[in-house]
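Report on the following structure.
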Amino acid sequence: MLKSLVLTLGLPPICFLYLAVLGVAIVRRHRRGGQVLVCLGLAGLVVLSLPVIAGSLIIALEQNLPVEPPANAMPEAIVVLGGDVARDTGAPFVIPGYLTLDRLRTGAALHRRTGLPILVTGGLVLPDRPAIARVMADSLREDFQVPVKWIEDASVDTWENAALSAVILKQQGIRSVYVVTQGWHMRRAILAFRHAGLIVTAVPTSINPPITLEPSDFMPRASAWALSYYGLHEWIGCAWYSIR
């Protein structure tokens, strides 16, 4: 819970909003300091709302991924990482969210192409609801008519996705896998899976096209804040995983 709160409130761009609000709150007593905080907060919000900035953060994460399987260690399984969920009106009251559904679609297509078994990984996202891996397994079977071989439903983050999945796979003698997730999330996933002792071939759900530097790329957009959040979250996560 604390980790989730820190990620929600402490990462850009939302932290810049709180910085600006703090500046407004103290400006009467500390005029110069309050003004500085307001300016920094607003500047941060504006910069991260620019598509050229948000796109650059995302595209840099997607460069030089190991998308070609090593000739001497061909993948023997497919690992699909859990993502978000959406609430539903019927039992089990949650369904795969857009990010997760994108991963399932890619994983199902890869299974049909290779015939390799699938492992889905992801623990609880919402209290009193099934683990995301269980929701994913149901969706693969019912929506994509694709079987699921293994379910890892105890992990709470990407690091544990890798560590707990590796335990299951190594028990089957598997050490080389395809990993399916968004392109911008793949770099951090690779760090985690390699640390867990697995050879990774990346299968990103999509890769963003290069920035064309159109005039509109320099105009603020609300959607750019989400991309900036994902990008900065991943870069910070990669730095942490590198020294973990």
Side-chain angles (χ1 to χ4, degrees), residues 1-27 33-63 65 81-89 93-106 122 125-126 129 132 135-136 139 156-158 180-189 204-240:
M1 180 65 72
L2 179 60
K3 179 182 177 181
S4 177
L5 186 64
V6 170
L7 290 176
T8 301
L9 303 181
L11 284 179
I14 195 67
C15 67
F16 287 115
L17 174 61
Y18 293 125
L19 200 64
V21 170
L22 177 61
V24 171
I26 69 171
V27 73
Q35 290 175 339
V36 169
L37 291 180
V38 170
C39 290
L40 287 175
L42 293 178
L45 288 172
V46 170
V47 168
L48 294 181
S49 73
L50 301 178
V52 67
I53 298 298
S56 296
L57 289 169
I58 292 294
I59 290 171
L61 286 164
E62 299 173 337
Q63 302 300 306
L65 298 176
L81 273 63
D84 57 340
V85 295
R87 296 179 185 273
D88 191 25
T89 55
F93 304 108
V94 289
I95 57 177
Y98 291 121
L99 297 178
T100 302
L101 195 59
D102 199 22
R103 300 174 189 184
L104 294 177
R105 176 191 61 78
T106 302
V125 177
L126 297 172
R129 296 289 185 267
I132 181 60
V135 176
M136 294 165 67
S139 180
V156 297
D157 55 24
T158 303
V180 179
T181 187
Q182 271 72 33
W184 44 260
H185 180 229
M186 187 64 73
R187 188 175 299 272
R188 183 159 60 97
T205 60
S206 60
I207 295 292
N208 286 277
I211 297 174
T212 57
L213 297 181
E214 299 290 335
S216 59
D217 290 331
F218 297 88
M219 298 295 293
R221 292 183 194 171
S223 59
W225 279 324
L227 287 180
S228 292
Y229 171 80
Y230 286 132
L232 289 169
H233 180 274
E234 292 306 312
W235 281 116
I236 293 171
C238 286
W240 171 240

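No hydrogens, no waters, no symmetry mates; every other heavy atom, side chains included, goes into these values. This one's a predicted model, so the numbers in the text were calculated from it and none came from an experiment.
Side-chain contact check for M219 versus P51: every heavy-atom pair is 4.5 Å or farther apart. For the pair V38/V27, no side-chain contact is recorded, criterion being any heavy-atom separation below 4.5 Å from C-beta on. Residues I236 and L11 form a side-chain contact, since some pair of their non-hydrogen atoms from C-beta on lies under 4.5 Å apart. Using a 4.5 Å heavy-atom threshold, the side chains of L57 and L227 count as separate. Residues P96 and L104 have side chains in contact (heavy-atom distance under 4.5 Å, counting atoms from C-beta outward). A 4.5 Å side-chain heavy-atom check between L81 and V180 finds every atom pair outside the cut-off. The shortest side-chain heavy-atom distance between V85 and F93 does not fall under the 4.5 Å cut-off.
Contact record, L101 with S139: CD1-OG, 4.4 Å, taken as the closest heavy-atom pair. Considering every non-hydrogen atom in both L65 and G183, the closest pair reads CD1-O, 4.1 Å. Nearest heavy atoms, Y229 versus P13: CB-CD, 3.9 Å. Across all non-hydrogen atoms, the minimal contact from W184 to E234 is O-CG, 3.3 Å.
S49 is linked by a side-chain contact (heavy atoms from CB on, under 4.5 Å) to P220, W225, counting only residues two or more places apart in sequence or in another chain. D217 pairs by the salt bridge (charged side-chain N to carboxylate O under 4.0 Å, His left out) definition with nothing, not counting sequence neighbours. In this view, F16 satisfies the ring pair (Phe, Tyr, Trp, His ring centres under 6.0 Å) rule with no residue, not counting sequence neighbours.
From I58, atom CD1 reaches atom CD of Q182 across 10.0 Å, with rounding to the nearest 0.5 Å. If you take CD1 on I132 and CG on D84, they are separated by 7.0 Å, rounding to the nearest 0.5 Å. How far CE of M186 is from CD of Q63: 14.0 Å, rounded to the nearest 0.5 Å. Once rounded to the nearest 0.5 Å, the distance linking CG of L48 with SG of C15 reads 8.0 Å. Atom CD1 of I14 is separated from atom CG of L45 by 8.0 Å, given to the nearest 0.5 angstrom. Within the model, atoms SG of C39 and CG of L19 stand 10.5 Å from one another, a figure rounded to the nearest 0.5 Å.
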(request) Report the C-alpha separation of R187 and E62 in whole Å, then their side-chain angles, then the decisive distance to 0.1 Å, and conclude whether the side-chain contact (heavy atoms from CB on, under 4.5 Å) test is met. (result) CA-CA 7 Å; R187 188 175 299 272; E62 299 173 337; over 6 Å; no
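Side-chain contact, T181 with R103: a donor N or O sits under 3.5 Å from an acceptor N or O.
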